[in-house]
Visitor: 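Just passing along the structure, written as structure tokens.
Just so we're on the same page: letters track the sequence lines, and every chain starts at 1. Below, each value reflects all heavy atoms present in this structure, side chains not excepted, and no hydrogens, waters or symmetry copies.
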Amino acid sequence: MDAANDVAVGHDLSSQLLTWYEREKRDLPWRKTGNPYAIWVSEVMLQQTQVKTVIPYYERFLKLFPSVDQLAAASLEDVLTVWSGLGYYSRARRMWEGARYICDQCGGRMPENYDSLLLVPGIGRYTAGAIASIAFGQRVAAIDGNVLRVVSRLLTWSEPVETVRTHRHFNDYLMAWQPASQPGIFNQALMELGATVCTPSKPECSHCPLAQDCQGYLSGDFLRYPVKKPKAKRQEVTRLTFVIRRGNQVYLQRRPEQGLLANLWEFPGVELRGHSTKEGLPSISYEEFLGFFQKAVPVRTFDECIRKQCELGPILHGPVWYTFSHRLWKIIWAIVDLSIYEQIAPSLIKEANENYEEKGCWISVQDLALIALPVAFKAIAEELKNEKS
DNA sequence: AAATCGGGGGG
DNA sequence: CCCCCAGATTT
């Protein structure tokens, strides 16, 4: 089967899909605007993220950064704070970089076609297609996970959908099908169908406007599609975390600019190797412990507190488990309470702040919600509260 | 082509 | 427990 053979039914499919969409479409915030910037924001947030999750973030983000200029003028710190909890934080950094690119290179106006949009940081082929078609009426496809599922079922496409060949074929197929007017409506209708009717596990084919043209439905084989390649297994890592506190305040550091949870705040810590991950708390000698601490916290002023803390008995807490898409953290933590050392703590804290005003900060437990703290560490904060009460 | 990069929803 | 989600980028 090739795209040319599919063209014959194209117009019929299109009108049935669009009629269904006008009747059944959800009332979503980004469907009330023609503002290309707002549509951009929605498309980036919706990458690998469900509609329900995105909505409150979308509203808050646009309220705080209502235009490209204001996003470009903001600090990365503030953008990440608004983004925190949404995940895939490179999206936020790249959108911020993209806003600066648009202000510097495009006179502050959003690029208006697919090829130009592709040049913006964080905008790939899907997002470029979505913005170009929805905001600017350009006749291009926007192939996301929903569309892959719908089309693979329509065609009973038996190859893995991640391949270049599949994408090329689906793009040709869709472009032969897409009407000349309102390509953005057509693209959204396909995604809406995948999100609400042609769902992964229990598609409602009885409500599908395309059922009579769907090879998957007609053959009864729709659950075999889309075919996907196997995924890599998740790796387990034990993370030793240091909760340095003084009264109501805790000490945080900024994570590196690249990699996991880039640029976000965290309780300092190290990833352990050679310790059993399956059981509860690993046994760590005093020497090891101090070594880990010195690796995690690049200021030496707390070391004396660590020494004395070690003399007070068991200090490890947890574990709590936290899963990322490709990593599993077993988080254990040690509480280093500086309020035991009333006389020396103030100077220590002062020095830490002066030396690492970019990298380290003190913050009260209740203010943890106000900064870019990964959800993984909010779990520790919750444990802290529970242990107190 | 495979790996990396979060967090939440739903079976 | 698993898989999935309006993916992009790097290796």
Side-chain angles (χ1 to χ4, degrees), chain A residues 25-26 28-31 39-58 80 83-95 97-98 117-135 141-150 159-167 184-196 198-203 223 225-235 237 255-264 266 321-329 372-379:
Chain A
K25 67 182 176 187
R26 292 169 292 178
L28 302 177
W30 43 89
R31 290 183 177 158
I39 292 170
W40 177 31
V41 172
S42 76
E43 292 302 340
V44 173
M45 287 188 170
L46 286 162
Q47 290 167 9
Q48 297 293 287
T49 310
Q50 293 186 340
V51 164
K52 183 182 176 184
T53 305
V54 165
I55 290 176
Y57 284 89
Y58 173 81
L80 284 171
W83 202 275
S84 76
L86 197 53
Y88 282 162
Y89 297 96
S90 66
R91 293 184 295 177
R93 175 179 53 78
R94 292 188 184 117
M95 200 162 69
E97 291 169 353
L117 285 162
L118 266 186
L119 300 176
V120 179
I123 296 186
R125 59 188 183 183
Y126 162 74
T127 306
I131 297 173
S133 63
I134 296 170
I143 302 177
D144 73 330
N146 290 309
V147 175
L148 286 178
R149 186 169 54 253
V150 170
E159 294 178 32
V161 293
E162 297 92 342
T163 64
V164 173
R165 190 178 123 76
T166 295
H167 189 273
I185 301 293
F186 172 83
N187 287 344
Q188 291 185 79
L190 267 178
M191 294 189 274
E192 185 80 351
L193 188 68
T196 64
C198 194
T199 55
S201 59
K202 289 197 300 184
L223 286 182
Y225 309 96
V227 175
K228 300 212 166 182
K229 294 181 181 177
K231 289 176 183 170
K233 202 187 158 215
R234 203 160 14 228
Q235 189 183 349
V237 176
R255 288 180 62 85
E257 293 180 10
Q258 296 203 341
L260 187 70
L261 304 170
N263 297 302
L264 274 68
E266 66 172 357
W321 295 86
Y322 194 80
T323 57
F324 302 94
S325 45
H326 63 295
R327 192 176 308 196
L328 176 58
W329 266 3
L373 188 74
V375 174
F377 297 108
K378 292 180 182 173

Visitor: Rounding to an integer number of angstrom, what distance separates dG9(B) and dA8(C) when you compare their C1' atoms?
Guide: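 Nearest-Å result for dG9(B) against dA8(C) at atom C1': 23 Å.
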Visitor: Is the shortest side-chain N to carboxylate O distance from Glu162(A) to Lys228(A) below 4.0 Å?
Guide: no
Visitor: Do side-chain atoms of Thr127(A) reach the backbone of Trp40(A) as a donor and acceptor pair under 3.5 angstrom?
Guide: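 Judged by distance alone, no pair lies under 3.5 Å.
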Visitor: Which part of the nucleic acid, if any, lies within reach of Trp30(A) when heavy atoms closer than 4.0 Å are counted: base, sugar-phosphate only, or nothing?
Guide: base
Visitor: Toward the 5' end of DNA chain C, which comes first, Tyr126(A) or Gln258(A), by nearest nucleotide?
Guide: Tyr126(A)
Visitor: Pick out the pairs of N or O atoms, protein on one side and nucleotides 1-4 of chain B on the other, that lie under 3.5 Å.
Guide:
residue	atom	partner	partner atom	Å
dA2(B)	OP2	Lys229(A)	NZ	3.0

Visitor: Quote, to the nearest angstrom, the P distance that separates dT4(B) from dA6(C).
Guide: 24 Å
Visitor: Who pairs with Arg93(A) by salt bridge (Lys or Arg N to Asp or Glu O under 4.0 Å), at least two apart in sequence or on another chain?
Guide: Glu97(A)
Visitor: Do the side chains of Lys25(A) and Glu192(A) get close enough for a salt bridge, i.e. N-O under 4.0 angstrom?
Guide: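 No, Lys25(A) and Glu192(A) are not salt-bridged.
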Visitor: Considering all heavy atoms of both residues, which atom of Glu257(A) and which atom of Ala262(A) are nearest to each other, and what is their separation?
Guide: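 Residues Glu257(A) and Ala262(A), closest heavy atoms: O-CB, 3.4 Å.
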Visitor: Check whether any side-chain N or O of Thr49(A) sits under 3.5 Å from a backbone N or O of Gln47(A) as a donor-acceptor pair, and report yes or no.
Guide: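 Checked: pair present.
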Visitor: Rounded to the nearest 0.5 Å, what separates atom OH in Tyr89(A) from atom CG in Leu260(A)?
Guide: 10.0 Å
Visitor: Please report the distance separating the P of dG8(B) from the corresponding atom of dT9(C), rounded so that it comes out in whole Å.
Guide: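 Their P atoms lie roughly 24 Å apart.
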Visitor: For dA3(B) and dC3(C), measure between their P atoms and round to the nearest Å.
Guide: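 Pairwise P distance, dA3(B) against dC3(C), rounds to 15 Å.
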Visitor: Could you tell me whether the side chain of Arg255(A) and the main chain of Glu266(A) form a donor-acceptor pair under 3.5 Å?
Guide: no
Visitor: Anything under 4.0 Å to a heavy atom of chain A counts; send over the first and last such nucleotide of DNA chain C, read 5' to 3'.
Guide: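 Under 4.0 Å from chain A, the extent on DNA chain C is dC2(C) to dT9(C).
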Visitor: Taking atom CZ of Arg31(A) as the centre, report whether more than 12 heavy atoms of other residues, nucleotides or ligands fall under 6.0 Å from it.
Guide: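 More than 12 within 6.0 Å, yes.
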Visitor: Between dC5(B) and dC1(C), how far apart are the two C1' atoms, rounded to whole Å?
Guide: 22 Å
Visitor: With a 4.0 Å cut-off on heavy atoms, is Ser42(A) in touch with a base, just the backbone sugar-phosphate, or nothing at all?
Guide: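 The answer is nothing, as Ser42(A) stays clear of every strand by at least 4.0 Å.
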Visitor: Between Pro226(A) and Leu328(A), name the one whose nearest nucleotide on DNA chain C is closer to the 5' end.
Guide: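 Closer to the 5' end of DNA chain C: Leu328(A).
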Visitor: Donor-acceptor check, side chain of Arg234(A) to backbone of Thr323(A), threshold 3.5 angstrom: yes or no?
Guide: no
Visitor: Out of curiosity, Asn263(A) CG to Ser90(A) OG, how far, rounded to the nearest 0.5 Å?
Guide: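 Result: 10.5 Å between the selected atoms.
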Visitor: Which heavy atom in Pro203(A) sits nearest to a heavy atom in Leu223(A), and how many Å separate them?
Guide: CD-CD2, 4.0 Å
Visitor: Could you list, one pair per line, each protein nitrogen or oxygen that sits under 3.5 Å from a nitrogen or oxygen of nucleotides 7-11 of chain B, together with the distance?
Guide:
residue	atom	partner	partner atom	Å
dG7(B)	OP1	Tyr89(A)	OH	2.5
dG7(B)	OP1	Val375(A)	N	3.3
dG7(B)	OP2	Tyr322(A)	OH	3.1
dG7(B)	O5'	Tyr322(A)	OH	3.3
dG7(B)	O3'	Gly85(A)	O	3.4
dG9(B)	O4'	Gln50(A)	OE1	3.2

Visitor: Could you spell out the base pairing of DNA chain B as a dot-bracket line? Use Watson-Crick and G-U wobble contacts where both distances are under 3.5 Å, [ ] for crossing pairs, | for partners on a different strand.
Guide: |||||.|||||
Visitor: Looking at residues at least two apart in the chain, or sitting in another chain, which of them share a ring-ring contact (aromatic ring centres under 6.0 Å, His included) with Tyr225(A)?
Guide: none
Visitor: For Arg165(A), does the CZ atom sit with more than 12 other heavy atoms under 6.0 Å from it, leaving out its own atoms?
Guide: no
